[in-house]
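Just below is one structure, and these are the notes that go with it.
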2 protein chains.
Amino acid sequence: MIEFKLDIKSGVPFYRQIVDQIRYGIASGRLLPGEQIPTVRDLAVQLEINPNTVSKAYSELEILGVLDTQQGTGTFVAHKEVEITDSEKDRMLGQICDELVARGQQYNLTLKEIYEHMQRRIENE
Amino acid sequence: MIEFKLDIKSGVPFYRQIVDQIRYGIASGRLLPGEQIPTVRDLAVQLEINPNTVSKAYSELEILGVLDTQQGTGTFVAHKEVEITDSEKDRMLGQICDELVARGQQYNLTLKEIYEHMQRRIENE
DNA sequence: TCTATTGTATTATAATTATAGTACATTATC
DNA sequence: GATAATGTACTATAATTATAATACAATAGA
C-alpha cells in the first residue's frame, strides 16, 4: 500500500496527482499486481476531497489498463498484459531522463539534485 | 535571460508555469534585477499561448513585487530578493519525479531503472 | 434473503483556466 | 506631433476541475 498525499499549492489537478501517485507506486514496486487500493469513498475521506474526484482518477487508470475495478468489491492493480520490447524500453528510458533533466533545468534543479531526491525516496520506502 | 518552456502534459496551468519559471530564474541569478523580460505579446507568440495568459502571470508577479511593469516600455525584474525555500524546492522535485516516473510506468519502466539510468548519466558527465 | 459495501451514473453548480477579439492609455522614438 | 510598441482592461465563450447530492447496480458476507 502507498500513502497518498495531495499538494494543494502545486496547481496540479487532484485527480491527476492521484493518477500519478498510483503509477509511481506501481513503478516503485510498492503497489503489486492484484493488490487492492483504497475504496473511492475511503480515499476521498482520507484526502478530504470529493468521491467523484477519486472516481475520475480510478476511471482514467482503468481505461488505461492500469487498474481493474469490480463493482461491489473494489479496485485492484491490474496484471500488465502489454509486453514492451527491450529496445523500446531503452528508448523510453532515455527519453524520460531527458525530460527529467529538461524539466529540472526550468527550475534550476540539477541532475544531481533530482538523482538524490529519487535516492531519498527509494530509501524511505 | 531565461528560456521559457511549457509542459503541456503536466496539468499545471500555463500562467503558473510562467510564474514559477520567472521566480526560479530570479532566485538563481539567471534573471538580474532591472533586466527586461519578454513582452507580453512576444512571449505569447513564443509559447504559442494567448497574450492574456502571459499578462496574468506578469500581473501576479507584479503584485508580489517580483516584477516592475511600465506601460509603454516593458516589464522588468524588480529589485527584490526572491527566495525559494527548501520545502518549496522539495515540492517541485517531488512533482517532477512523480510526473515522469508515472509516465515511465506506461512503458513498464521501474523507478529503479530510471534511477540507475540517471546514475550512469552523472558518472558520464 | 437481507444488508452493507463497492463502483458507477446523473444532474446541478461554481471556480478556474485559456482563448479570442477589441480597445485604450502610456511611453519611446522618429 | 505622429507612430509604433508597450502594458492594461474589457466582454464573451469554452473547457476543465471540483464539489454536492442522489440514486442505482453488483458483490460479499452474515
Side-chain angles (χ1 to χ4, degrees), chain A residues 1 4-23 31 34-79, chain B residues 1 4-23 31 34-78 80 95 98-99 102:
Chain A
M1 186 46 57
F4 290 90
K5 200 175 176 193
L6 294 182
D7 184 348
I8 297 172
K9 297 180 183 173
S10 73
V12 181
F14 293 164
Y15 85 95
R16 177 62 186 275
Q17 293 187 44
I18 295 170
V19 165
D20 283 350
Q21 284 174 32
I22 289 173
R23 304 188 99 164
L31 280 179
E35 184 174 345
Q36 183 170 15
I37 62 173
T39 70
V40 167
R41 290 169 178 84
D42 277 355
L43 188 53
V45 169
Q46 183 185 324
L47 296 178
E48 296 179 295
I49 60 176
N50 197 280
N52 296 340
T53 304
V54 178
S55 180
K56 183 176 181 180
Y58 285 10
S59 299
E60 198 160 290
L61 288 168
E62 211 229 344
I63 291 170
L64 293 172
V66 175
L67 295 179
D68 281 335
T69 60
Q70 289 181 343
Q71 197 164 335
T73 310
T75 306
F76 304 84
V77 179
H79 295 84
Chain B
M1 184 49 57
F4 291 90
K5 195 178 175 194
L6 295 182
D7 184 349
I8 298 172
K9 297 181 185 174
S10 71
V12 182
F14 294 162
Y15 86 95
R16 176 62 183 275
Q17 293 186 44
I18 295 171
V19 165
D20 283 340
Q21 285 175 31
I22 290 174
R23 289 181 59 244
L31 280 178
E35 183 175 346
Q36 183 169 16
I37 62 173
T39 69
V40 166
R41 291 170 180 83
D42 278 354
L43 188 54
V45 168
Q46 182 185 324
L47 296 178
E48 295 179 292
I49 61 176
N50 197 280
N52 293 339
T53 304
V54 179
S55 182
K56 183 176 181 179
Y58 285 9
S59 298
E60 199 159 289
L61 287 167
E62 213 227 343
I63 292 171
L64 292 173
V66 174
L67 294 179
D68 283 335
T69 61
Q70 288 181 343
Q71 198 163 335
T73 310
T75 307
F76 305 84
V77 178
K80 187 194 181 186
Q95 182 182 319
D98 277 354
E99 181 195 332

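A quick note: this is a predicted structure, and the numbers were derived from the prediction, not measured. Every chain is numbered from 1 and lettered A, B, ... according to where its sequence line falls, protein lines coming before strand lines.
At the phosphate of D:dA9, neither OP1 nor OP2 sits under 4.0 Å from any side-chain N or O atom of B:Ser55.
Residues from residues 9-23 of chain A lying near DNA chain D, meaning a heavy-atom separation below 4.0 Å, are A:Pro13, A:Phe14, A:Tyr15 in numerical order.
Proximity of a side-chain donor or acceptor of A:Lys56 to a complementary backbone N or O of A:Phe14 within less than 3.5 Å is not detected. The backbone N or O of A:Ser55 lies less than 3.5 Å from a partner atom in the side chain of A:Ser59, making a donor-acceptor pair.
A distance of 5.0 Å separates CD1 of A:Ile22 from CG of A:Leu61, quoted to the nearest 0.5 Å.
Taking B:Arg16 as the reference, B:Asp20 meet the salt bridge (charged side-chain N to carboxylate O under 4.0 Å, His left out) condition, with sequence neighbours excluded. Every residue two or more places apart in sequence or in another chain that forms a salt bridge (charged side-chain N to carboxylate O under 4.0 Å, His left out) with B:Asp98 is listed here: A:Arg121. A:Thr53 meets the side-chain hydrogen bond (donor to acceptor under 3.5 Å, both in side chains) test with no other residue; sequence neighbours excluded.
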Sort me out a list of protein N/O and nucleotides 24-28 of chain D N/O pairs below 3.5 Å, or just none if empty.
unit_1 : atom_1 : unit_2  : atom_2 : d
D:dA25 : N3     : A:Gln71 : NE2    : 2.6
D:dT27 : O4'    : A:Gln71 : O      : 3.3
D:dT27 : O3'    : A:Thr73 : OG1    : 3.2

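With rounding to whole Å, B:Asn50 atom CG is found 12 Å from D:dT13 atom C1'. Rounded to an integer number of Å, the gap from CD of B:Gln36 to C1' of D:dA5 is 11 Å.
For the pair A:Asp7 and A:Val12, the minimum side-chain heavy-atom distance is 4.5 Å or more. At least one side-chain heavy atom of A:Leu43 sits under 4.5 Å from a side-chain heavy atom of A:Phe4. You'll find the side chain of A:Leu47 reaches within 4.5 Å of the side chain of A:Ile18, heavy atoms only.
Heavy-atom distances to DNA chain C give each of B:Pro51 and A:Thr75 a nearest nucleotide, and the one nearer the 5′ end belongs to A:Thr75.
Interface limits on DNA chain C: the 5'-most and 3'-most nucleotides within less than 4.0 Å of chain B heavy atoms are C:dT17 to C:dA28.
Nearest heavy atoms, A:Ser10 versus B:Gln95: CB-OE1, 3.4 Å.
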